[in-house]
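In what follows, a single structure is set out as structure tokens and then discussed.
If you're wondering where the values come from, they're calculated on a predicted model, not measured in any experiment. In listed order, ligands and their atoms are each counted from 1.
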Amino acid sequence: MPRTPSSARGATILGWGTNLPEKILTNHDLEKMVETSHDWIVERSGIHERHVGGSTIPMAIAAGRMAIERSGIDPSSIDALILATTTPDKQWGNSAAVQDALGLRCGVFELNSACSGFVYGLVAAHGMIAVGLNNVLVIGADTLSRITDWTDRNTAVLFGDGAGAVVVSSCDGPGELVAWDIDADGSAGSILWAEVGGTIQMEGKEVFRRAVRVMVDSAEKTMAQAGVTGSDVSLVIPHQANVRIIQAACDRLGIPIERTSIVLDRTGNTSAASIPLALADALDKNRIAEGDLVLLVGFGGGMTAASALLRWGPIS
Ligand code: UT7
């Protein structure tokens with residue numbers, strides 16, 4: 001697979017934003033809805049609570065607005081908007097609705113690679129900048145509460161709603177994207193899927209098993225491309241599905257779990273929003289400094305996988 005050529009025009013993240021619906025659903029709330037317990041959910045997944053009751057377009061607008069404000073760039077200079085989502089509010093026109101609300105005039109598109117979508121979008125944004133654009137807004141937003149079967153304890157305890165966004169801008173020099181990988185295995189599509197208009201269907205154990213494998217594979221490919229190992233990585237921003245998946249992947253990559261950003265205890269699995277939410281949390285807590293190597297790695301329905309290694313630039 002081709003990787004970022006050293007001659008490519010570089011880009012860097014200038015601003016980030018998040019949005020979570022106000023309503024919080026705790027594990028104790030779930031105990032009243034399905035046969036489960038707070039202790040079981042925490043022990044098997046690490047999740048304590050999640051935000052629900054959102055809508056993809058409004059959450060994307062709020063996160064996008066925050067990212068643009070933080071970047072300090074004029075909204076009129078955004079050249080493209082990528083909305084990664086697996087739960088669009090409408091059949092089409094979701095990213096265009098976000099564009100309009102933010103007062104942007106730029107190309108827009110929706111991208112559906114399930115929980116890997118944000119990393120796919122980030123890589124695409126870097127590619128678009130390499131061939132001439134200056135500023136790309138990348139948003140991951142999902143309303144999984146809308147496609148969750150709240151009577152199915154196998155899935156109801158895992159998912160939540162949210163949005164995260166970044167502004168990626170051209171810069172002098174090579175930029176932040178050191179190496180990346182996108183991958184998919186369509187033969188595993190039947191272990192995690194949803195019909196149009198249907199709810200999430202999942203073979204949890206099999207998803208778990210494959211998730212660890214594809215996260216490790218993708219991360220290893222990206223690190224090998226960059227000529228680095230786990231010990232060179234300052235922080236991992238993993239997809240927030242299950243803390244045990246993150247732990248197992250970290251063990252195999254030789255990276256202590258303390259060097260990951262984890263928000264799933266408060267958010268549950270928010271699909272395309274999960275990696276930008278965890279990235280923003282790390283940035284807000286000053287866990288990322290200029291020059292750090294930051295590894296984003298996700299997996300999702302499809303099954304898709306993606307990773308991106310960033311050499312962090314100056315923080316705005
Ligand atoms: O973006 C990707 C989205 N999906 C995922 O990442 C899911 C990946 N898979 C997982 O995270 C885990 O497989 C789960 C959290 C879904 C389940 O954990 P597990 O350790 O694999 O549990 P299990 O499926 O082996 O179930 C163990 C027991 C079963 O009972 P028996 O057969 O041992 O009597 C289940 O019926 O736990 C039972 N169980 C529950 N008990 C209480 C299943 N769901 C629940 C529940 N509360 N919510």
Side-chain angles (χ1 to χ4, degrees), residues 25-50 52 84-87 112-120 140-162 164 183-186 188-194 198-218 237-250 257 260 262-265 267-278 296-307:
L25 187 71
T26 66
N27 292 346
H28 295 296
D29 294 328
L30 279 161
E31 284 172 350
K32 296 172 199 140
M33 298 161 64
V34 289
E35 197 183 329
T36 191
S37 70
H38 169 78
D39 291 348
W40 189 95
I41 302 169
V42 172
E43 187 192 315
R44 300 294 173 121
S45 72
I47 298 166
H48 288 241
E49 60 186 35
R50 68 289 290 146
V52 295
T85 185
T86 196
T87 48
N112 186 346
S113 291
C115 309
S116 312
F118 179 80
V119 180
Y120 270 74
D142 263 308
T143 312
L144 291 179
S145 66
R146 198 196 297 136
I147 61 163
T148 297
D149 176 353
W150 292 106
T151 65
D152 173 15
R153 70 175 183 173
N154 292 304
T155 51
V157 300
L158 298 178
F159 301 107
D161 303 340
D183 199 7
D185 177 3
S190 62
I191 62 169
L192 179 58
W193 61 287
T199 53
I200 300 169
Q201 309 295 315
M202 187 181 77
E203 286 177 35
K205 265 201 178 323
E206 186 58 15
V207 173
F208 190 115
R209 202 177 64 78
R210 284 178 182 258
V212 174
R213 201 170 72 209
V214 299
M215 276 177 89
V216 171
D217 280 357
S218 188
I237 314 288
H239 172 44
Q240 309 284 307
N242 185 322
V243 75
R244 289 161 53 223
I245 294 176
I246 297 172
Q247 178 74 66
C250 280
I257 196 164
T260 64
I262 294 180
V263 296
L264 63 83
D265 51 322
T267 63
N269 179 346
T270 55
S271 192
S274 106
I275 287 181
L277 284 173
L296 281 52
V297 57
F299 67 92
M303 285 190 74
T304 58
S307 56

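- Of all the heavy atoms in T87 and A141, the pair that sits closest is OG1-O, 4.4 Å.
- Distances from ligand 1 to the non-hydrogen atoms of C115 include at least one value under 4.0 Å.
- When hydrogens are left out, the protein atom nearest atom 38 (C) of ligand 1 is R153 NH2, 3.6 Å; that is the closest non-hydrogen contact.
- The nearest protein heavy atom to atom 21 (O) of ligand 1 is closer than 4.0 Å.
- The side chain of W40, and not its backbone, has at least one atom closer than 4.0 Å to an atom of ligand 1 (non-hydrogen atoms only; side chain from C-beta on).
- The closest protein non-hydrogen atom to atom 1 (O) of ligand 1 is N269 ND2, 2.8 Å.
- By the 4.5 Å heavy-atom criterion applied to side chains, R213 and F299 are not counted as neighbours.
- Considering backbone and side-chain N/O of S37, none are found under 3.5 Å from N/O of ligand 1.
- For the pair I47/V157, no side-chain contact is recorded, criterion being any heavy-atom separation below 4.5 Å from C-beta on.
- Pairing each heavy atom of T86 with each of S271, the nearest pair is CG2-OG, 3.6 Å.
- For atom 32 (O) of ligand 1, no protein non-hydrogen atom is found at a distance below 4.0 Å.
- Scanning all heavy atoms of the two residues, the minimum distance from A272 to A84 falls at CB-O, 3.4 Å.
- Side-chain atoms of T199 and D149 form no donor-acceptor pair, as typed in the model, at a separation below 3.5 Å.
- Nearest protein heavy-atom contact of atom 27 (C) of ligand 1 is R44 NH1, 3.4 Å.
- In the vicinity of N154, heavy-atom distances shorter than 4.0 Å reach the ligand 1 atoms 43 (C), 44 (N).
- Per-atom contact check: atom 7 (C) of ligand 1 touches the protein, criterion being a heavy-atom distance below 4.0 Å.
- Every atom of ligand 1 is numbered from 1 in the order shown, and the set under 4.0 Å from a heavy atom of A241 is 6 (O).
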Exercise for review: Starting from the C-alpha separation in whole Å, work towards a yes-or-no answer on side chain to side chain donor-acceptor pair (under 3.5 Å) for S45 and N242.
Suggested key: CA-CA 5 Å; S45 72; N242 185 322; 5.5 Å; no
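- Near H239, with a cut-off below 4.0 Å to any heavy atom, the atoms of ligand 1 are 1 (O).
- Atom 14 (C) of ligand 1 is not flagged as protein-proximal [any protein heavy atom, distance under 4.0 Å].
- Looking at heavy atoms from C-beta onward, K32 lies in side-chain contact with D29 at the 4.5 angstrom threshold.
- Taking only non-hydrogen atoms, the option from E203, R244, R210, M303 nearest to atom 18 (O) of ligand 1 is R244.
- Less than 4.0 angstrom separates some heavy atom of V157 from each of these atoms of ligand 1: 48 (N).
- Heavy atoms of N242 found under 4.0 angstrom from ligand 1 belong exclusively to the side chain.
- Looking at I245 against ligand 1, only its side chain comes within 4.0 Å, counting heavy atoms.
- Distance remark: protein heavy atom present below 4.0 angstrom from atom 47 (N) of ligand 1.
- Atoms of ligand 1 found under 4.0 Å from any heavy atom of L192 (numbered from 1 in listed order, with element): 2 (C), 3 (C).
- Contacts with ligand 1 closer than 4.0 Å are made by backbone heavy atoms (N, CA, C, O) of E35 only, the side chain lying farther away.
- Ligand 1 does not have I41 within reach: every non-hydrogen atom of the residue lies 4.0 Å or more from it.
- Going from atom CE of M202 over to atom CG of D152 covers 8.0 Å, rounded to the nearest 0.5 Å.
- In terms of N/O distances under 3.5 Å, ligand 1 is approached by K205.
- Distances from atom 9 (N) of ligand 1 to the heavy atoms of G46, G204, A156 show the closest one on G204.
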